[in-house]
Amino acid sequence: MSVEFLARLQFALTISFHYLFPPLSIGLGVLLVVIEGLWLKTRNPLYHQMARFWTRVFALTFAIGVATGIVMEFEFGTNWAAYSRYVGDVFGSALAAEGIFAFFLESGFLAVLLFGWDKVGPRMHFLATCMVALGAHFSAIWIVVANSWMQTPAGYHVVGTGLSARAEITDFWAMVFNPSSMQRLSHTLASAWQTGAWLMVSVGAWYLLRRRHRDFALASVKIGLAFACAAALFTLATGHASAGGVARHQPAKLAAFEGHWETGPQSPLYLFGWVDQETETTHGPSVPGLLSWLAYGDPASTVTGLNDIPRDERPPVNFTFQLFHLMVAVGFALIGLAAWAAWALWRGRLEGSRLLLWLLTFSVLGPQIATQAGWWAAEVGRQPWIVYQLLRTSQGLSAVVTANQIIASIVMFTAVYLLLFAVFVFLLNDKIQHGPDDADLQPTGKHALGFGGSS
Amino acid sequence: MNFGNIDLNTVWFVLVGALFTGYVILDGFDLGVGVLHLFVVRRDAERRVFINAIGPVWDGNEVWLVTGGGALFAAFPDVYATVFSGFYLAFMGLLCALIFRAVAIEFRSKHPSPRWRAFWDAGFALGSLGSALLIGVAMGNIAWGVPIDAHGEFAGSFPGLLHPYALLMGVTTVALFAMHGAIYLVLKTEGELQAHIRTWVNPLIITFILSYVILTLATLLYVPHVTEAFRREPWFFALVIPVVLAIANIPREVNRGKVFYAFLSSCAAMAGLMAIFGVGNYPYLVYSFPFPEHSLTAFNAASSPRTLGIMLTIALIGLPVVLAYTVSIYWIFRGKVKLDKMSY
């Protein structure tokens, strides 16, 4: 196996595992702010109990997110040294900003969020919760900005030639607001909100199925579902905007997403299908003109097909097509499920429908599958480039690293991550089975009831 | 922001050094607590005290490493690329150690089974020990010099990184962190447990001093470019005096019962040691041995002046805020460890 393939495999493995957790932290972070805000406003101890329970879940996801996140920062240098030299001037500043503005914020205030319930006043604790959520969002901002620069580079110029060529920054804000960064950031955050929201809905639905912790479960489903509905629609809107951006700035990627070969107006959209890269055709049901309309708002507009992209600049088409369609399908399924559940809740039929409760219990998998598929589609769809039309992935490798070294590290990461995943699932299940703590209905310390409000 | 004629390369040499110094001082005591975890206490409640002593702060402390690495990537991409790809297996080991240290803190007390706890105790201790050792070995290699070829690529091998000088630096780092961690633990504990940990402090100080003396002798005898830096700028010796005084002050303050001052002395000593390391190596970030002309310096391996300026703006905005809330959070969690239901 080639060094390039192994290095990509290792990166895919470690980033995919890592990215199971940050969306949960981002989504649950917002929900913790909402729940704790409700507790402070209403003084209803149920919200205090919820805040405590979901904080414990948050702590678990955050810990694994941190532990696996540090790997990513090392990997740019270990596996992609030539890439690091090429982009360091541009990419590095975004990464350093992430450390200073985001990671310190979330990890510092996390201490108060987790251990400060009895040490600081309710307002200070709420501030800490807000800062942790804000820090989680900041970290998404900077890393998505850096990744978007790799998709649509801007605000730079290339200095030097051959092996010593590198991109240098000319305009910091043009780099930050490169053509795809805001579209991709909003889409990433929307999907992260869904990831947190559906976890909350899922746990609530499970308790309703088991007829346990009814008040807690209903409140979790209601809050989680309200957030999930809004986030699901926002995911759709930002996803549409993002795809429009891909059409304009990365035509090869859009063509691969859609299995689109022939440049022209009235371009069809394949609902699902199979791409045969040998014969350069796509099989499956399609709607004529829909791709043109979705990409540019007009069925008569021209969408570039893969036949107009040089063969050595095409991504793996079928793989990208399937990943993209999987993401879209799951996204629409979640919108449908959210609508159904909201309707059932409004009509008071939620608890009576075991099928719906079962679907909601498994809904937690939906955003995880969609975010993974979406990231894979975005990254595989950029191939063969590591920085779009500037640097090929094969040129970004570390010159001194051998296949055996990468294999050794892949074996290590696989073993460690399997262990972590098993422990995570075991402990998460343990927390869910244990359920909310009844003692948390009597808040202690400075949160104790009796000052103002009802009790 | 326009920084005029400021030598941004030297500024970033100092700032990257400052971020790693912050890491060594702060995560140094976390890792030190981990190194002592298996040997110093055996009862479950005592081990929980050890973990909860660093529970609220270790995560923020590790961010200094992440930010230092990010700053190195941004300010000196060639150094980041050469060192991280060159030290491949060593850094993979470091990552493995840091992962186990981190998750062990979170996982250990979540399940009552003694075997579960013994497993994560080992993960915590070995993860901390491995991290401290590998950080020291990496620093030892930077001081000693590593082979760099004409393209700026690492030209050595993994076993070549494990030479006696680097290992000695690794052992010294473990001893330093263990000493630092023990003082921190004295600060965070009380009663019998505190008295027990106190008996470990002096032996750990002596161990550290012995290994540091041997390391210094080895540096003087075998690392000419560092010695040369001191010969050229004799005022560098002015840094050595406060470090010696700070270390000598530690047992004195512990015996007077002023543990917080002992801890501050330990922090000051570590800052001084890092400063000596920095001035001894400046302007080299990676000294190339045996081809000194291929060395990576703060000038030939840096990003463009524009990027260094942008980053300085970011640092000037961000770091004061970071320091302010870091100090507040340490203030909130001051005092002795009390185990409650939110504890690890």
Side-chain angles (χ1 to χ4, degrees), chain A residues 59-60 63-64 66-71 73-74 76-79 81-82 84-85 87-93 95-101 103-105 107-112 114-120 159 163 166 168-170 172 398-401 405 408-409 412 416 420 423 427 430, chain B residues 55-57 59-60 62-63 65-71 73-78 80-89 91-92 94-96 98-100 102-103 105-107 110-111 151 153-155 158 303-304 306-307 310-311 314-315 318-319 322 325-326 329 332-333 340-343:
Chain A
L60 187 61
I64 306 183
V66 168
T68 55
I70 195 167
V71 175
E73 195 203 37
F74 274 60
F76 298 123
T78 52
N79 288 4
S84 299
R85 288 192 184 93
V87 303
D89 199 275
V90 178
F91 190 97
S93 17
L95 203 65
E98 180 167 34
I100 287 183
F101 293 130
F103 293 155
F104 276 121
L105 195 66
S107 62
F109 283 101
L110 180 74
V112 183
L114 298 188
F115 305 106
W117 287 97
D118 294 342
K119 286 192 190 289
V120 298
V159 178
L163 280 176
R166 68 172 184 176
E168 285 189 1
I169 213 162
T170 54
F172 179 73
S398 298
V400 300
V401 173
Q405 287 176 317
S409 63
M412 179 194 85
V416 173
L420 290 193
V423 173
L427 288 178
D430 200 46
Chain B
V57 293
D59 181 7
E62 196 180 84
V63 174
L65 176 67
V66 176
T67 305
F73 187 0
F76 305 108
D78 287 333
Y80 171 77
T82 300
V83 172
F84 280 54
S85 60
F87 293 5
Y88 194 88
L89 289 177
F91 277 12
M92 290 298 155
L94 176 60
L95 285 173
C96 187
L98 284 171
I99 290 174
F100 267 95
V103 298
I105 295 174
E106 177 67 28
F107 292 163
K110 294 268 189 295
H111 200 268
H151 303 293
E153 299 278 13
F154 177 70
F158 174 62
S303 281
S304 63
R306 186 188 291 270
T307 285
I310 292 168
M311 284 175 49
I314 292 174
L319 274 181
V322 169
Y325 63 67
T326 302
I329 286 159
I332 290 170
F333 292 99
D340 62 38
K341 75 184 179 99
M342 284 304 282
S343 301

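Convention: sequence-line order gives letters A, B, ...; per-chain numbering from 1.
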Novice: Look at B/Ser303, B/Gly55, B/Ala75 and state which one has the largest set of heavy-atom pairs under 4.5 Å with chain A.
Specialist: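 Of the candidates given, the most pairs with chain A belong to B/Ser303.
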
Novice: With only heavy atoms counted, which part of B/Leu98 is less than 4.5 Å from chain A, the side chain, the backbone, both or neither?
Specialist: side chain

Novice: Looking only at heavy atoms, what is the nearest atom pair of B/Thr67 and A/Ala96, with distance?
Specialist: CG2-O, 4.5 Å

Novice: Do the side chains of A/Ser107 and B/Glu62 get nearer than 4.5 Å, heavy atoms only?
Specialist: no

Novice: Which pair of non-hydrogen atoms, one from B/Pro56 and one from A/Ala111, has the smallest distance, and what is that distance?
Specialist: O-CB, 2.9 Å

Novice: Quick one: what part of A/Val120 sits under 4.5 Å from any heavy atom of chain B, side chain, backbone, both or neither?
Specialist: side chain

Novice: Which answer fits A/Phe101, side chain, backbone, both or neither, if we ask what part of it has an atom under 4.5 Å from a heavy atom of chain B?
Specialist: side chain

Novice: Do the ring planes of B/Phe84 and A/Phe74 sit parallel (below 30°), tilted (30 to 60°) or perpendicular (above 60°)?
Specialist: tilted

Novice: Is a side-chain donor or acceptor of A/Glu73 paired with a backbone partner of B/Gly70 at a separation under 3.5 angstrom?
Specialist: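 Here the side-chain-to-backbone pair exists.
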
Novice: Which value, rounded to the nearest 0.5 Å, describes the distance between B/Leu319 atom CG and A/Phe104 atom CZ?
Specialist: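 One finds 7.0 Å between CG of B/Leu319 and CZ of A/Phe104.
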
Novice: Tell me, side chain or backbone of B/Val322 under 4.5 Å from chain A's heavy atoms, or both, or neither?
Specialist: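 Answer is side chain: those atoms of B/Val322 sit under 4.5 Å from chain A.
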
Novice: Testing the basics here: between A/Lys119 and B/Ile332, what is the closest heavy-atom pair and its distance to 0.1 Å?
Specialist: CD-O, 3.7 Å

Novice: Which atoms of A/Glu168 come close to chain B, meaning under 4.5 Å heavy atom to heavy atom: side chain ones, backbone ones, both, or neither?
Specialist: side chain

Novice: Measure distances from B/Ala102 to the heavy atoms of chain A and classify the residue's part below 4.5 Å as side chain, backbone, both or neither.
Specialist: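 Just its side chain gets close to chain A.
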
Novice: Among A/Asp430, A/Val90, A/Leu420, single out the residue with the greatest number of heavy-atom pairs under 4.5 Å to chain B.
Specialist: A/Leu420

Novice: Show your working on side chain to side chain contact (heavy atoms under 4.5 Å, CB included) between B/Phe73 and A/Val87 and close with a plain yes or no.
Specialist: CA-CA 9 Å; B/Phe73 187 0; A/Val87 303; 4.3 Å; yes

Novice: Measure A/Ala82 against the heavy atoms of chain B and call it side chain, backbone, both or neither at under 4.5 Å.
Specialist: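 When you check distances to chain B, no heavy atom of A/Ala82 falls under 4.5 Å.
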
Novice: At a 4.5 Å cut-off on heavy atoms, which part of B/Ile314 comes close to chain A: side chain, backbone, both, or neither?
Specialist: both

Novice: Heavy-atom distances under 4.5 Å only: say whether B/Phe76 touches chain A with side chain, backbone, both or neither.
Specialist: neither

Novice: Can you list the steps and then say if B/Phe107 with A/Ile64 is a side chain to side chain contact (heavy atoms under 4.5 Å, CB included)?
Specialist: CA-CA 10 Å; B/Phe107 292 163; A/Ile64 306 183; 3.9 Å; yes

Novice: Say you draw a straight line from CZ of A/Phe91 to OG1 of B/Thr307; how long is it, rounded to the nearest 0.5 Å?
Specialist: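 Here the interatomic distance stands at 13.5 Å.
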
Novice: Hey, is the main chain of B/Ser304 close enough, under 3.5 Å, to the side chain of A/Asp89 for a donor-acceptor pair?
Specialist: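 Yes: the side chain of A/Asp89 pairs with the backbone of B/Ser304.
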
Novice: Roughly how far, to the nearest 0.5 Å, is the CG atom of B/Leu94 from the OG1 atom of A/Thr78?
Specialist: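 Atom-to-atom, A/Thr78:OG1 and B/Leu94:CG are 11.5 Å apart.
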
Novice: Between A/Val159, A/Asp118, A/Ile70, which residue shows the highest count of heavy-atom pairs closer than 4.5 Å to chain B?
Specialist: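 The candidate making the most pairs under 4.5 Å is A/Ile70.
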
Novice: Against chain B, work out which of A/Leu95, A/Val416, A/Val66, A/Leu427 has the most heavy-atom pairs shorter than 4.5 Å and name it.
Specialist: A/Leu427

Novice: Can you tell me how far CD1 of B/Ile310 sits from CD1 of A/Ile169, rounded to the nearest 0.5 angstrom?
Specialist: 4.0 Å

Novice: Non-hydrogen atoms of chain A under 4.5 Å away: do they reach the side chain of B/Met311, the backbone, both or neither?
Specialist: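 Just the side chain, heavy atoms under 4.5 Å.
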
Novice: Can you tell which of A/Val112, A/Leu110, A/Thr68 has the highest number of heavy-atom pairs within less than 4.5 Å of chain B?
Specialist: A/Val112

Novice: What heavy-atom pair brings A/Ala63 and B/Glu106 nearest, and what distance separates the two atoms?
Specialist: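 Closest approach of A/Ala63 to B/Glu106, heavy atoms only: CB-CG, 3.5 Å.
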
Novice: Tell me the closest heavy-atom pair linking B/Met92 and A/Met412, and the distance in Å.
Specialist: O-CE, 3.4 Å

Novice: May I ask you to name which of A/Gly99, A/Ser84, A/Gly108, A/Ser93 has the most heavy-atom pairs under 4.5 Å with chain B?
Specialist: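 Ranked by contacts with chain B, first place is A/Ser84.
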
